[in-house]
Enquirer: 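Sharing a structure below in structure tokens format, with a few things to ask.
Only heavy atoms go into these numbers, but all of them, side chains included; no hydrogens, no water, no symmetry mates. In the text below, chain A, chain B and the rest are named by the order of the sequence lines, each starting its count at 1.
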There are 2 protein chains.
Amino acid sequence: MNQGTPKKPDYEREMRRAGIRITRPRRVILDILAGCEDHPDAMEIFQRASAIDKSISLSTVYRTMKLLEGMGAIHRHAFEGGPARFEQASGEHHDHLIDLDTGDVIEFHSRRIEELQDEIARELGYEIVHHRLELYGRRKKRRG
Amino acid sequence: MNQGTPKKPDYEREMRRAGIRITRPRRVILDILAGCEDHPDAMEIFQRASAIDKSISLSTVYRTMKLLEGMGAIHRHAFEGGPARFEQASGEHHDHLIDLDTGDVIEFHSRRIEELQDEIARELGYEIVHHRLELYGRRKKRRG
DNA sequence: AGTCTTATTGCAAACGATTTGCAATTGCAT
DNA sequence: ATGCAATTGCAAATCGTTTGCAATAAGACT
């Protein structure tokens with residue numbers, strides 16, 4: 001359902017061009033995000049960053065996430081209950097299926113659903129700026 | 001897109017049956033929710049309740065919302081940014097279009113989208129417990 | 001490399017939304 | 001009426017996140 005090469009855009013270049021300084025904390029966080037298969041929250045990113053550089057603070061993680069979000073480098077997801085979780089914005093757009101038992105996040109995409117969303121919004125006189133589609137479910141138990 | 005008689009189920013009866021006490025604060029909050037066209041947050045409910053009974057506390061509003069949510073009497077929505085907003089669970093299921101400029105919430109429903117969701121989950125080996133579909137948009141400016 | 005300017009940092013304190021401990025109150029079965 | 005557990009209000013605690021501020025460090029310019 002979801003595929004796509006996990007492109008690795010050069011955010012350092014982009015930041016430099018925008019006059020944003022490349023600091024050690026930012027480099028570390030950027031690296032963590034780039035090599036991320038999952039959807040970590042701020043605390044998890046903070047811990048992974050701490051493992052690399054003890055001095056990085058949680059505030060800086062939050063500030064950096066906000067910065068990157070503003071740049072469009074990452075997406076912020078507010079799944080039910082928990083803290084915000086982040087993912088690199090490189091791949092194509094997708095929605096999420098959250099495993100209620102494990103917290104795992106599975107990505108999927110349906111062009112058809114998006115078309116229907118647009119259609120609905122249009123009929124209501126709206127233009128969609130963005131949307132959020134999250135499925136919360138449990139793994140189907142397979143016989144055996 | 002959305003219609004349907006706003007049924008007014010007798011939650012007092014249901015609560016009594018479940019051994020849950022009908023207290024004054026609960027009755028007030030229940031009434032507020034029943035006569036609600038919008039999607040108020042806890043503070044708004046608290047204020048409307050205070051107007052009827054000064055002594056009702058915000059904690060009780062929160063506790064009652066949790067109770068009612070557990071009973072399935074209301075739905076809790078965590079739209080972007082703001083606090084949780086609530087609505088009576090009486091009507092049929094629907095999703096939400098949030099007006100980014102006004103915060104207004106428009107309800108809609110698409111059977112087709114739900115079917116597609118089920119299909120996607122099934123293909124991924126999951127059973128959907130519930131889902132969240134929110135469209136964030138702006139009113140289309142009409143020529144004129 | 002040395003110096004300057006200013007963005008960025010870490011820390012601790014503030015924040016908003018929500019939850020909780022506890023003693024006082026109240027619903028409701030008796 | 002009586003009694004006891006459920007519920008309340010209050011204040012304090014909690015969680016995730018943001019912010020003020022003085023110290024630090026990035027990058028531009030010698």
Enquirer: Which one, C/dT19, D/dT8, D/dT17, comes nearest to the side chain of B/Arg26?
Expert: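 Nearest listed nucleotide: D/dT8.
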Enquirer: Side chain of B/Ser59 only, heavy atoms from C-beta on: which candidate in D/dC10, D/dG20, C/dA12 is closest?
Expert: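 Nucleotide nearest to B/Ser59's side chain: D/dC10.
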Enquirer: Please state how far atom CG in B/Leu58 lies from atom P in D/dA11, giving the value in whole angstrom units.
Expert: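 After rounding, the reported distance stands at 13 Å.
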Enquirer: Where the side chain of A/Pro83 is concerned, which of D/dG16, C/dG10, D/dC10 is the nearest nucleotide?
Expert: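 The nucleotide sitting nearest to the side chain is D/dG16.
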Enquirer: Ignoring hydrogens and angles, answer whether the base of C/dT26 and the side-chain atoms of B/Arg24 contain a donor-acceptor pair closer than 3.5 Å.
Expert: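 When only heavy-atom distances are counted, B/Arg24 does not reach the base of C/dT26 through any donor-acceptor pair under 3.5 Å.
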Enquirer: For A/Arg85 and for B/Leu67, find the nucleotide of DNA chain D with the closest heavy atom, then tell me which residue's nucleotide is more 5'.
Expert: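 Final value for this comparison: B/Leu67.
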Enquirer: Let me know, please, whether B/Arg27 or A/Gly19 comes out on the 5' side of the other along DNA chain C by nearest nucleotide.
Expert: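 Its nearest nucleotide being more 5', the pick is A/Gly19.
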Enquirer: In this structure, how many angstroms lie between the C1' atom of D/dT17 and the CD atom of A/Glu44, rounded?
Expert: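 Going from A/Glu44 (CD) to D/dT17 (C1'), I get 16 Å.
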Enquirer: Expressed in angstrom and rounded to an integer, what is the separation of A/Glu69 atom CD from D/dT17 atom P?
Expert: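 Taking CD of A/Glu69 and P of D/dT17, I get 11 Å after rounding.
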Enquirer: Verify whether one side chain among B/His77 and B/Glu134 offers a donor that lies under 3.5 Å from an acceptor in the other.
Expert: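 Looking only at side-chain atoms, B/Glu134 and B/His77 do not form any donor-acceptor pair under 3.5 Å.
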Enquirer: Specify the separation, in whole Å, of atom OH of A/Tyr62 and atom P of C/dT9.
Expert: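 Nearest whole value for this atom pair: 16 Å.
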Enquirer: Starting from C1' on C/dT20, measure out to CZ on B/Arg63 and report it in whole angstrom.
Expert: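 Distance, rounded to whole Å: 8 Å.
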Enquirer: A/Arg21 has an atom CZ; how far is it from atom P of D/dT24, in whole Å?
Expert: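 After rounding, the reported distance stands at 16 Å.
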Enquirer: So which nucleotide from C/dA17, D/dT18, C/dG10 ends up closest to the side chain of A/Lys66?
Expert: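 Among C/dA17, D/dT18, C/dG10, the one nearest the side chain of A/Lys66 is D/dT18.
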Enquirer: Rounded to the nearest angstrom, tell me the gap between atom CD1 in A/Ile29 and atom C1' in C/dT9.
Expert: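 A/Ile29 atom CD1 is separated from C/dT9 atom C1' by 11 Å.
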Enquirer: For B/His93 and B/His131, test the side chains for any donor-to-acceptor distance below 3.5 angstrom and give the result as yes or no.
Expert: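 Side chains of B/His93 and B/His131: pair found under 3.5 Å.
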Enquirer: Considering only heavy atoms from C-beta outward, does the side chain of A/His96 approach that of A/Glu87 to under 4.5 Å?
Expert: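 In contact.
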Enquirer: Could you tell me whether a side-chain N or O of A/His94 sits under 3.5 Å from a main-chain N or O of A/Glu92, the two making a donor and an acceptor?
Expert: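 Yes.
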Enquirer: Less than 4.0 angstrom between a side-chain N/O of A/Thr23 and OP1 or OP2 of C/dT9, yes or no?
Expert: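 It does, given that an N or O in the side chain of A/Thr23 lies less than 4.0 Å from OP1 or OP2 of C/dT9.
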Enquirer: Write down the distance between CE (A/Met65) and C1' (D/dT18), rounded to a whole number of angstrom.
Expert: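 For the pair A/Met65 CE and D/dT18 C1', the rounded distance is 15 Å.
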Enquirer: Under 3.5 Å, is there a donor-acceptor pair between the side chain of B/Arg132 and the main chain of A/Arg132?
Expert: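 No, the answer is negative, given that no donor and acceptor are paired below the 3.5 Å cut-off.
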Enquirer: Counting any heavy atom closer than 4.0 Å, what does A/Arg16 reach on the DNA or RNA strands: base, sugar-phosphate only, or nothing?
Expert: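 The residue A/Arg16 makes sugar-phosphate contact but no base contact.
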